[in-house]
Amino acid sequence: MFTPDVLEQSKTMRSKWEDEVKKIVAKKADQKPEWTTVSDLAIKRLYGPEDIRDMDFAKDISYPGQYPFLRGNQATGYRGKYWTFRMFAGMGSAEETNKRWHYLLNSGQTGLSTAFDFPTLMGYDTDSPKARGECGKCGVAIDSIEDFQKLIKDIPLDTISTSMTINPPATILWAMYCASAQMQGIGLDKINGTIQNDMLKEFIAQKTLMCPPEPSVKLISDTVEFGTKYVPGWNTISISGYHIREAGATAVQELAFTLRDGMEYVEDVIKRKGLHVDQFAPRLSFFFNAHIDFFEEIAKLRAARRIWAKAMRERYNSQDQRSWWMRFHTQTAGCSLTAQQPYNNVVRTAVEALAAVLGGTQSLHTNSLDEVLCLPSEHAVQIALRTQQIIAEETGVTNTIDPLAGSYFIESLTNEMEEKAWDYIHKIDDMGGMVAAIERGFPQMEISDAAYRFQRQIDAEEKIMIGVNKYNTDDVVEIPFVEIDDTVEREQLERLSDLKRRRDSRKVSECLKDIKSACEKGDNVMPYCIEAVKNYATVQEICDVYREVYGEYRDPGIY
Amino acid sequence: MSNRKIRILLAKPGLDGHDRGAKVLARAFRDAGFEVIYTGCHQTPEQIVGAALQEDVDMVGLSCLSGAHTYLYPRVAELLREQGADDITVVGGGIIPDKDFQPLYDAGLKALFTPGATLESICTWIQENIKPRD
Amino acid sequence: MEELGKRAMEGDVRAASRLIRNIEDNIPGTNLAIKQIFPHTGKAHVIGLTGAPGAGKSTITDELIMAIRKKSKTVGVLAVDPTSPFTGGALLGDRIRMLRHAEDTGVFIRSLATRGAMGGLSKAVGDGIHVLDVMGKDDIIVETVGVGQQEVDIINHAHTVIVVLVPGMGDDVQAIKAGLMEIADIFVINKADRDGANKLYKETKNMIGMGKWSSGWEPPVLMIESVMEPHSFAKSVAELYDKIEEHYQHLIDKNLMADRAYRKVVTELNDALRSAILDPILETLSASGDFDEMIRKLMMKESDPYTLAEAVAETYLK
């Protein structure tokens with residue numbers, strides 16, 4: 001990348017600089033002996049041309065919109081379109097959530113993102129004994145399409161894109177969305193959105209579990225096939241690293257496991273559905289964490305783009321460049337926020353959001369300052385949204401594409417992270433793939449180890465969290481609380497039992513039988529799910545069919 | 001002088017699957033010399049109490065981050081009482097707003113450890129407060 | 001203490017668990033309870049499950065419990081995990097794989113740490129079996145750590161010993177300690193969907209073919225595939241249980257039950273004698289400072305262990 005002359009000059013100057021450093025450090029040592037990222041990657045005091053001398057400009061760095069897309073998928077960057085301001089929201093009843101959604105849209109949000117409550121996430125209805133005490137507490141409670149229609153009231157499904165964070169029951173919630181669109185006369189080819197629908201990371205990290213890996217991946221490939229045929233504007237998988245990182249993984253692990261999950265899905269869909277990679281890969285999307293170590297996150301996101309482009313072209317022989325693009329949503333790191341001195345979280349989220357933007361994210365959620373303690377209040381969520389808008393409109397970082405390209409440090413760190421990620425990817429390849437690695441407990445153990453290590457570092461004050469182990473105060477900061485009380489559960493139970501009385505139970509039974517038969521025959525379940533939800537089958541009723549046919553997953557309990 | 005090792009049951013009641021904290025605690029407890037049984041996520045209060053009785057533990061540690069602690073934690077304490085096992089100490093952690101503390105203490109919880117508590121402080125609390133019953 | 005024994009015999013879960021704990025913690029007077037229950041033991045079918053860590057023993061145990069319950073029998077499980085030699089603590093991680101049964105009153109699962117006992121199964125396990133026995137459990141499964149002498153010692157406590165192997169874990173039969181091959185009544189090749197399963201099966205069968213099986217029971221080799229296929233896994237383990245029952249019947253038919261009981265009581269008597277004779281002597285030597293003095297002599301090479309021991313024996317064995 002540099003001429004021999006330049007490298008020679010740099011060598012001389014570096015030598016002089018090193019001597020200077022030695023002299024100063026001999027008199028006054030550095031503040032601490034080691035300087036690492038939050039993920040324990042060692043960072044040098046200084047980076048220079050020698051750190052990236054072996055890079056090939058055309059092959060490794062290139063241009064936006066050109067392979068390997070290090071600098072971005074689109075030629076125009078943010079000047080053409082900002083990332084989508086997409087705030088994850090859901091609380092209590094569908095009505096309550098619909099209100100929050102409209103509030104966010106009126107505040108300038110440009111995309112929707114759905115947070116469901118735990119019973120819904122786990123495929124249980126509010127009247128299940130397992131759901132006791134959980135209704136609406138951390139997201140919206142959806143039992144049937146009646147709830148769903150309240151959720152999307154006055155939302156223009158043909159112009160706005162909606163993301164739904166839902167995994168084992170993804171087929172069902174997506175069926176509700178599709179059915180609702182159809183009931184409004186909107187064609188499936190007009191709707192846009194994403195379902196998270198990434199079971200591999202559930203087994204690794206998030207743990208909303210239902211069926212074993214094999215059938216889970218089968219259901220996912222059903223959605224990919226259905227989307228490819230009928231819902232071209234839909235991202236049927238959001239291959240996620242966010243949760244893997246939140247569970248304690250390092251940045252490299254997040255990068256490697258996420259991308260390897262993606263590869264596993266690609267291989268499965270090709271094998272199982274006989275589709276050509278370019279038929280569906282353009283609609284695969286990703287979801288990363290934006291953690292507090294600024295440059296590590298930027299490098300990670302850039303490395304992700306390059307790794308995916310290479311994998312698509314070289315591993316899977318993809319010919320369509322839209323398959324080579326890595327498109328991703330980012331969320332700022334929940335685990336970096338503190339309950340102590342909560343207003344500090346506004347600063348953390350801002351820095352993390354900036355990293356996501358400099359990393360080129362297509363869509364962003366920023367955490368609210370109070371999310372360490374409760375669901376976000378209107379005031380807190382507004383600050384979080386404004387954070388994105390300020391970055392977009394005031395800071396000037398959107399003026400130019402991938403501003404950090406060419407930085408000795410950033411390119412070097414990007415290279416290092418890519419290399420380390422490939423090591424993990426190959427290791428998992430050798431184990432027989434991600435499903436095999438999960439059965440062995442490999443990613444789970446790596447994450448557990450990293451989480452424990454980090455906590456010990458915090459306890460030993462080797463890593464700092466302001467307000468927790470440095471600059472602590474005894475002040476208690478009162479922040480307004482969002483309360484989800486028992487009336488939410490009571491009212492939802494009433495609505496559910498009323499629905500079960502009113503609906504045509506015979507029709508529901510028939511629909512459930514059809515789903516069962518589709519599962520047993522290996523047919524695509526989506527059309528049957530859509531029919532079932534239209535007839536008011538509930539989330540749990542359909543999930544129980546899956547549980548019956550495929551069996552329930554037993555967590556090997558590796559920790 | 002008790003020769004006893006402290007036995008702890010660590011459990012995640014309810015549907016919340018965020019188990020990073022519980023897993024870290026399990027290791028910390030082992031490193032502090034306790035015998036710890038971690039029963040994983042997605043446990044009902046009945047299952048937790050059943051396990052606690054079979055394992056003859058001194059303490060049950062509950063972790064819940066979904067907000068459902070207001071129902072689940074008191075339920076565990078209640079079931080232990082019904083089984084005549086209220087000598088087993090119940091403590092909790094997770095996402096618990098300050099205003100929920102007193103009702104939980106009233107329901108029988110002896111301590112609540114919220115974000116920011118160090119592993120050492122938790123282990124010390126246990127060593128000072130958990131005396132295996134004879 | 002006798003109260004505890006009595007309540008354990010009545011099936012009181014907490015009393016039984018507390019009794020086991022008293023044994024683990026070496027609480028004085030615990031032997032009273034053991035004396036009380038001993039005459040009532042010997043009814044349960046004791047099944048030992050051993051194999052290297054990671055072989056999948058707990059998952060198999062979990063499914064065996066299902067199979068046992070389907071036949072309306074009750075079951076007790078002792079799941080043993082290693083105590084950390086550095087901290088003295090233990091992560092008892094077997095139970096997490098057997099959570100389905102937490103509310104089934106016909107199932108009693110107790111996790112134990114080895115507490116440093118590496119020279120064989122600890123007294124707590126041996127006596128724990130008695131406790132579960134008098135609680136009325138039809139079957140008792142003992143799941144061992146799978147390392148060292150623990151693996152082999154299970155033969156002294158169980159009627160039926162199952163050895164679990166996994167392909168690709170360096171389980172080449174040549175590498176298997178001769179001891180393991182000799183103690184197994186049933187071999188299980190777990191995770192048999194992995195590469196190398198057939199090879200391992202053949203090698204195991206060969207080894208068995210070369211052995212002498214005097215009682216007429218040639219250990220069968222069962223293949224069990226991944227637990228990720230719940231239906232076929234359940235079926236395979238149900239078949240395993242059938243074999244276990246078959247083996248038990250074989251012991252009865254061939255009058256071999258006494259043999260097994262013999263092995264156990266010999267072990268127990270040896271342990272009890274050691275405990276009754278050696279422990280008090282060691283305590284006295286410790287208390288009087290003689291033990292430390294002997295250590296000092298050895299460190300200075302002023303004597304050797306045998307001379308010193310003989311001297312002690314002289315004193316006490318008059």
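Chain naming here is simple, since letters A, B, ... match the order of the sequence lines and numbering starts at 1 in each.
Chosen from Ile20(C), Asp104(C), Ile109(C), the residue pairing most often with chain B at heavy-atom distances under 4.5 Å is Ile109(C). Put simply, of Arg95(C), His101(C), Met98(C), the one with the most heavy-atom pairs under 4.5 Å next to chain B is Arg95(C). The most heavy-atom pairs under 4.5 Å with chain C, out of Ile8(B), Val49(B), Val36(B), Asp31(B), come from Val36(B). In terms of heavy-atom pairs under 4.5 Å with chain B, the best-connected choice from Ala90(C), Ala102(C), Gly88(C), Ala113(C) is Ala90(C).
Remark: the Gln83(B) side chain and the Arg14(C) side chain contain no N/O donor-acceptor pair separated by less than 3.5 Å. Between the side chains of Glu55(B) and Ser111(C), a donor-acceptor pair is found at a separation under 3.5 Å.
Counting non-hydrogen atoms of neighbouring residues, nucleotides and ligands closer than 6.0 angstrom, the NZ atom of Lys71(C) exceeds 12 such neighbours. More than 12 heavy-atom neighbours from other residues, nucleotides or ligands sit within 6.0 angstrom of CD on Glu10(C). Within a 6.0 Å radius of CD in Glu120(B), other residues, nucleotides and ligands contribute 12 heavy atoms or fewer.
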| said: Evaluate His42(B) against Leu99(C) for side-chain contact (heavy atoms from CB on, under 4.5 Å), listing each step before the verdict. | reply: CA-CA 10 Å; His42(B) 312 139; Leu99(C) 297 170; over 6 Å; no
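When all heavy atoms are compared, the tightest approach of Glu103(C) to Gln47(B) is OE2-CG, 3.4 Å. Considering all non-hydrogen atoms of both residues, Ile96(C) and Thr39(B) come closest at CG1-C, 3.7 Å. Nearest heavy-atom pair across Arg30(B) and Thr87(C) is O-OG1, 2.8 Å.
Contact of Asn22(C) with chain B is made through backbone and side chain together, with heavy-atom distances under 4.5 Å. For chain B, no part of Val77(C) is nearby; none of its heavy atoms comes within less than 4.5 Å. Heavy atoms closer than 4.5 Å to chain C are found in both the backbone and the side chain of Ala85(B). For Ile6(B), the part lying under 4.5 angstrom from a heavy atom of chain C is the backbone only. Looking at Tyr38(B), both its backbone and its side chain come within 4.5 Å of chain C, counting heavy atoms on both sides.
Not one N or O on the side chain of Glu35(B) forms a donor-acceptor pair closer than 3.5 Å with the backbone of Leu112(C).
Electrostatic pairing of Glu24(C) and Lys5(B) does not count as a salt bridge here, judged by no charged N lying under 4.0 Å from a carboxylate O.
Contact check for Arg21(C) versus Asp58(B): side-chain heavy atoms found under the 4.5 Å cut-off.
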